[in-house]
Amino acid sequence: MKSEGLPDHVFDGRPVIGICNTWSELTPCNAHLRDIAEHVKRGVWEAGGLPLEFPAMSLGETQMRPTAMLFRNLLAMEVEESIRGNPIDGVVLLGGCDKTTPGQMMGAASVDLPTIVVSSGPMLNGKYRGKDIGSGTDVWKFSEAVRAGDMTLSDFMAAESGMSRSAGTCMTMGTASTMASLVEALGLSLPYNAALPAVDGRRRTLAHMSGRAIVKLVRENTRMSDVLSRQSFENAIRIHAAIGGSTNAILHLLALAGRLGVPLSLDDFDVLGRDVPLLVDLMPSGRFLMEDFCYAGGIPAVMRELDSLINRDCLTVSGETVAAIAAGAECTNREVIRTMDQPVSLSSGVWVLRGNLCPQGAIIKPSAATPSLLKHRGRAVVFESIEDYKARIDDPSLNVDENSILVLKGCGPKGYPGMPEVGNMALPKKLLERGVRDMVRISDARMSGTAFGSVILHVAPEAAAGGTLALVRQGDDILLDGPNRRLELLVDDSELARRRKHLKKYQYQPLYSRGWAKLYCETVQQADRGCDLDFLVGASGDMVERESH
Ligand code: FES
């Protein structure tokens with residue numbers, strides 16, 4: 001390492017801090033992280049540590065095929081082995097795009113060194129024709145407008161340029177912003193990490209201070225598991241509800257808890273979120289964007305508003321408790337962060353549905369749904385695969401109306417594989433042209449955190465694992481009773497048993513016969529377990545049993 005210009009005296013036993021960087025030009029949301037890493041290093045040096053940066057697989061949500069989620073667990077494996085295999089005492093995780101944050105945290109949790117996250121930070125607000133527009137959320141709206149003939153393609157392209165105009169992650173409360181918020185809620189970053197824009201000088205200051213903080217954590221031997229307790233996960237779930245967070249975060253928190261041995265179930269999201277109103281008025285559930293959230297007070301202001309609804313004694317990597325952070329917070333814009341007395345909406349979080357169609361659960365985000373559709377009975381229009389959906393959705397002869405329920409199969413963790421974000425299926429063109437803008441949709445897929453609609457996701461078991469979803473046929477009646485958390489396929493048990501006998505024709509053949517995707521398909525758990533690989537659940541610590549030097 002002297003070849004890197006490191007003098008003798010830095011090998012004097014000082015804390016060695018790994019900076020795990022998911023920088024990549026293929027991941028635009030993380031493309032500024034080399035600059036952020038330099039600021040982390042300044043803080044590490046200043047506090048008497050030795051910073052050493054190393055790369056980790058970068059998962060660009062908009063680039064990776066077939067879907068970035070297929071590789072979250074691969075990133076987690078790489079991060080885990082890189083941390084354990086190298087002689088480092090503490091680690092700073094630099095990530096931001098949707099899957100980089102959870103993948104890095106899961107890997108780090110299985111080693112359990114002192115750990116801090118510094119997120120990419122959101123892009124500046126999108127601007128188009130004098131209006132603020134949000135990543136993803138407005139793309140969905142504009143693309144439906146193009147399909148309906150209400151917007152030209154060149155206007156769409158101009159809006160896209162105004163939308164993505166700075167470094168950083170999607171600036172709606174999509175998965176990236178949600179995960180950055182939950183990192184902060186869990187206590188694994190310094191305060192204000194989630195909302196400070198990527199290009200704000202204060203994010204560099206936060207990176208610098210995180211460098212100082214990680215050295216302190218190493219000296220105190222405060223490990224990741226000392227910060228991430230059942231109580232801190234409860235805080236994350238409640239804050240997830242208050243901010244109208246992405247449904248993807250449910251999978252990531254379940255998987256992270258599994259690495260740490262913290263008991264957490266899908267039902268915890270419904271139960272713990274039930275008495276939490278939606279406080280933050282951000283797209284896709286609301287009106288504003290992350291830059292506004294930052295100026296309004298960010299996550300600490302939400303913590304202050306939630307008051308006794310969160311566990312105030314939880315420790316954070318800043319050395320302060322949640323109570324101390326909340327006490328020092330202030331909300332400066334009540335349009336963006338509401339009070340408990342005047343929330344954006346009383347329904348927040350996610351509803352966890354059960355019934356014969358989803359015995360292991362399914363979810364719906366009520367704040368992103370049309371209220372009148374949360375209790376709905378309709379006739380199934382079934383698509384056996386995403387290819388089948390694409391081939392037929394705009395067919396003028398498709399037997400569908402606004403009361404139908406669109407059902408998509410074969411898009412779960414095993415079936416696709418990797419559980420792509422296709423659950424918010426675009427509506428049939430002929431209904432869009434008639435002004436229909438929402439319908440009940442059901443699938444074993446995920447949906448982008450920036451998306452919206454009356455969309456039932458994460459149906460478990462998935463169709464490819466032999467779930468009831470595989471048995472649904474064209475014209476079946478389906479009942480969604482959101483307030484009572486029911487999702488039922490209204491078909492006799494005897495008929496379902498008969499269909500199951502003939503299930504063969506609905507079975508999904510794995511597309512991959514070798515490599516990572518094969519291992520993934522053979523070992524991935526269902527959505528109610530967070531889609532971790534079965535052999536990765538749990539931790540191995542930081543000890544290396546043998547060494548050959
Ligand atoms: Fe990377 Fe949205 S695509 S944060």
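Below, each value reflects all heavy atoms present in this structure, side chains not excepted, and no hydrogens, waters or symmetry copies. This chain uses plain numbering: 1 for the first residue, then up along the sequence. Just follow the structure's listing: the first ligand is 1, and inside any ligand the first atom is 1.
- Under the 4.5 Å side-chain criterion, counting only non-hydrogen atoms from C-beta, H458 is not in contact with Q526.
- A donor-acceptor contact closer than 3.5 angstrom is absent between the side chains of S24 and N30.
- The angle C29:SG - atom 1 (Fe) of ligand 1 - C97:SG amounts to 100°, with values rounded to 10 degrees.
- Against a heavy-atom cut-off of under 4.0 Å, E61 is close to the following atoms of ligand 1: 3 (S).
- In this structure, the side chains of L206 and V118 come closer than 4.5 Å at one or more pairs of heavy atoms.
- Those atoms of ligand 1 with a heavy atom of A176 less than 4.0 angstrom away are 4 (S).
- Residue-ligand proximity, T169 to ligand 1, at heavy-atom distances under 4.0 Å covers atoms 4 (S).
- Between E462 and P413, the closest side-chain pair of non-hydrogen atoms falls below 4.5 Å.
- Residue C170 has at least one heavy-atom neighbour below 4.0 Å for each of these atoms of ligand 1: 2 (Fe), 3 (S), 4 (S).
- Ligand-side atoms of ligand 1 in range of D98: 2 (Fe), 4 (S), range being under 4.0 angstrom from any heavy atom.
- Contact check for L93 versus I116: no side-chain heavy atoms found under the 4.5 Å cut-off.
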